[in-house]
Number of protein chains: 2
Amino acid sequence: MSNVKALPLLEPAVEPCCPPLNERPLTADEAERTAVMFKALGDPVRLRLFSAVASHEGGEACVCDISDVGVSQPTVSHHLKKLKEAGLLSSERRGTWVYYRVEPAVLTAMGQLLTKAATA
Amino acid sequence: MSNVKALPLLEPAVEPCCPPLNERPLTADEAERTAVMFKALGDPVRLRLFSAVASHEGGEACVCDISDVGVSQPTVSHHLKKLKEAGLLSSERRGTWVYYRVEPAVLTAMGQLLTKAATA
DNA sequence: TAGCTGTTTCGACATCTGTCGATCTCTTGC
DNA sequence: GCAAGAGATCGACAGATGTCGAAACAGCTA
């Protein structure tokens with residue numbers, strides 16, 4: 001599989017990608033990048049998977065611990081990949097199992113994007 | 001034609017729909033409802049429209065003020081409807097123009113969903 | 001080495017989504 | 001009443017997305 005443009009932003013780049021939504025209208029480019037993160041949480045299955053990882057002890061969980069969300073195992077893997085590509089999760093293999101972990105900085109950025117807009 | 005409009009699900013019901021994502025795994029039903037809001041912000045055009053409304057004075061704006069996002073007028077209307085159905089915006093007609101306004105409570109709920117998950 | 005288990009990738013498919021032009025509704029003004 | 005402008009709705013269409021079963025891949029253990 002020689003897909004050259006496979007991984008666009010697997011570098012989470014925890015920088016403040018996002019000015020608060022009420023500070024000024026987002027540019028097309030800012031919106032494009034920010035929407036990727038929101039879209040990643042815009043699917044019920046992904047939201048459950050993410051919540052399962054986030055609520056697990058240490059903020060990380062094995063795939064086998066969170067696969068019970070009502071879809072097939074390949075679909076779980078597909079959604080975890082999406083969350084990873086959006087920078088919300090990172091993964092690490094430890095022997096037989098693969099562990100996914102939340103990226104708190106990205107989460108904080110998204111949260112402030114919203115709460116600052118709400119309180120200002 | 002009667003004055004009674006359709007009004008399918010435009011009652012946002014600003015209740016705390018969402019426990020923090022790291023408190024416990026979301027149920028299927030919680031995820032379903034929460035994903036609607038994130039999905040609404042998961043499109044670049046909608047994100048720009050929302051940001052344009054949120055950054056406007058008073059947190060509200062006429063459609064004519066924010067329509068310059070590079071898509072046709074029907075598409076703008078379509079996206080504003082999506083944001084409204086997700087409970088993120090509300091609309092009101094004043095004479096010729098229609099004004100959209102942010103729903104701060106829903107925004108706060110979404111933000112805390114993320115920031116509480118990030119800091120805990 | 002072979003076999004087993006956990007996870008990812010592949011290929012295919014039905015559905016959902018974003019987009020547009022055309023048209024309709026509502027309000028204002030003549 | 002009629003025309004004009006602001007938005008919403010309709011119908012159609014291409015492309016994206018979620019889903020699955022089958023297969024490939026990666027470690028462990030015998």
Side-chain angles (χ1 to χ4, degrees), chain A residues 1-3 5-8 10 28 31-32 35-50 52-53 60-86 89-101, chain B residues 1-10 28 31-32 35-50 52-53 60-86 89-101:
Chain A
M1 183 175 57
S2 59
N3 196 348
K5 66 183 295 291
L7 315 183
L10 279 193
E32 203 81 40
V36 172
M37 301 187 298
F38 282 110
K39 185 185 289 185
L41 293 181
D43 178 89
V45 174
R46 280 198 293 272
L47 210 42
R48 291 187 72 187
L49 287 172
F50 185 85
V53 173
E60 73 172 22
C62 168
V63 176
C64 56
D65 291 329
I66 59 177
S67 294
D68 191 20
V69 289
V71 295
S72 70
Q73 201 278 325
T75 301
V76 168
S77 187
H78 165 73
H79 283 307
L80 288 173
K81 185 181 180 183
K82 281 286 192 73
L83 287 166
K84 193 171 156 187
E85 287 174 353
L89 293 180
S90 60
S91 68
E92 179 193 358
R93 169 157 229 137
R94 290 190 210 137
T96 306
W97 297 280
V98 175
Y99 288 80
Y100 280 81
R101 154 182 341 183
Chain B
M1 188 70 79
S2 68
N3 260 353
V4 187
K5 304 262 162 95
L7 271 252
L9 46 92
L10 296 188
E32 202 82 38
V36 172
M37 302 187 297
F38 282 110
K39 185 185 288 183
L41 292 182
D43 178 89
V45 174
R46 281 198 291 273
L47 210 43
R48 291 186 72 186
L49 287 172
F50 184 85
V53 173
E60 73 172 21
C62 169
V63 176
C64 56
D65 292 328
I66 60 177
S67 294
D68 191 19
V69 287
V71 294
S72 69
Q73 188 272 322
T75 302
V76 168
S77 187
H78 166 73
H79 284 306
L80 287 173
K81 185 181 180 182
K82 282 286 192 74
L83 287 166
K84 194 170 154 187
E85 287 175 354
L89 294 180
S90 60
S91 66
E92 179 192 358
R93 169 159 230 136
R94 289 188 211 140
T96 307
W97 297 279
V98 175
Y99 288 80
Y100 280 80
R101 153 182 342 183

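Computed from a predicted model, the values in this text were never measured in an experiment. Just so it is clear: chains get the letters A, B, ... in the order the sequence lines come, proteins before strands, and each one is counted from 1.
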A:Gly42 vs B:Val98, nearer the 5' end of DNA chain D by closest nucleotide: B:Val98
In whole angstrom, give the distance that lies between atom CZ of A:Arg46 and atom P of C:dC16. 16 Å
Check the distance between C:dT19's C1' and B:His79's NE2 and give it to me in whole angstrom. 8 Å
Could you report the tightest heavy-atom contact between B:Pro44 and A:Glu32, atom names first, then the distance? CG-OE2, 3.5 Å
If you measure from CG on B:Leu83 to NE2 on B:His78, what distance do you get to the nearest 0.5 Å? 10.0 Å
Can you confirm whether A:Lys84 sits close enough to A:Leu80 that some side-chain heavy atom of one is under 4.5 Å from a side-chain heavy atom of the other? no
B:Arg46 side-chain N/O to B:Ala40 backbone N/O, donor-acceptor pair under 3.5 Å: yes
Starting at CG of B:Leu83 and ending at P of C:dT17, how long is that distance when rounded to a whole Å? 14 Å
Outermost contacting nts on DNA chain D, any atom under 4.0 Å from chain A heavy atoms, listed 5' then 3', are D:dT17 to D:dC28
Assign A:Arg94 to base, sugar-phosphate, or nothing according to its heavy-atom contacts below 4.0 angstrom with the strands shown. nothing
Show your reasoning for whether side chain to side chain contact (heavy atoms under 4.5 Å, CB included) applies to A:His79 and A:Thr75. CA-CA 6 Å; A:His79 283 307; A:Thr75 301; 3.6 Å; yes
When we call it a touch if two heavy atoms are under 4.0 Å apart, what does A:Tyr99 touch: a base, just sugar-phosphate, or nothing? nothing
Could you check how far NZ of A:Lys81 sits from C1' of C:dC10, rounded to whole Å? 10 Å
Rounded to the nearest 0.5 Å, what separation is found between the NZ atom of B:Lys39 and the CG atom of A:Asp43? 6.5 Å
Measure from CZ on A:Arg93 to P on C:dT5 and round the result to the nearest Å. 16 Å
For residues 61-69 of chain A, which side-chain N or O atoms pair as donor and acceptor with protein atoms under 3.5 Å away, sequence neighbours left out?
{"from": "A:Ser67", "atom 1": "OG", "to": "A:Val63", "atom 2": "O", "distance (Å)": "2.6"}

Kindly indicate, with the supporting measurements, whether the criterion side chain to side chain contact (heavy atoms under 4.5 Å, CB included) is fulfilled by B:Val53 and B:Leu49. CA-CA 6 Å; B:Val53 173; B:Leu49 287 172; 5.7 Å; no
One should read off an interatomic distance between A:Tyr99 OH and A:Ser91 OG, to the nearest 0.5 angstrom, of 13.0 Å
Pull out every residue in residues 64-78 of chain A that has a heavy atom closer than 4.0 Å to any atom of DNA chain D, ordered by number, or say none. A:Val71, A:Ser72, A:Pro74, A:Thr75, A:His78
With a 4.0 Å cutoff (strictly under), does any side-chain N or O of B:Lys82 reach OP1 or OP2 of C:dG18? yes
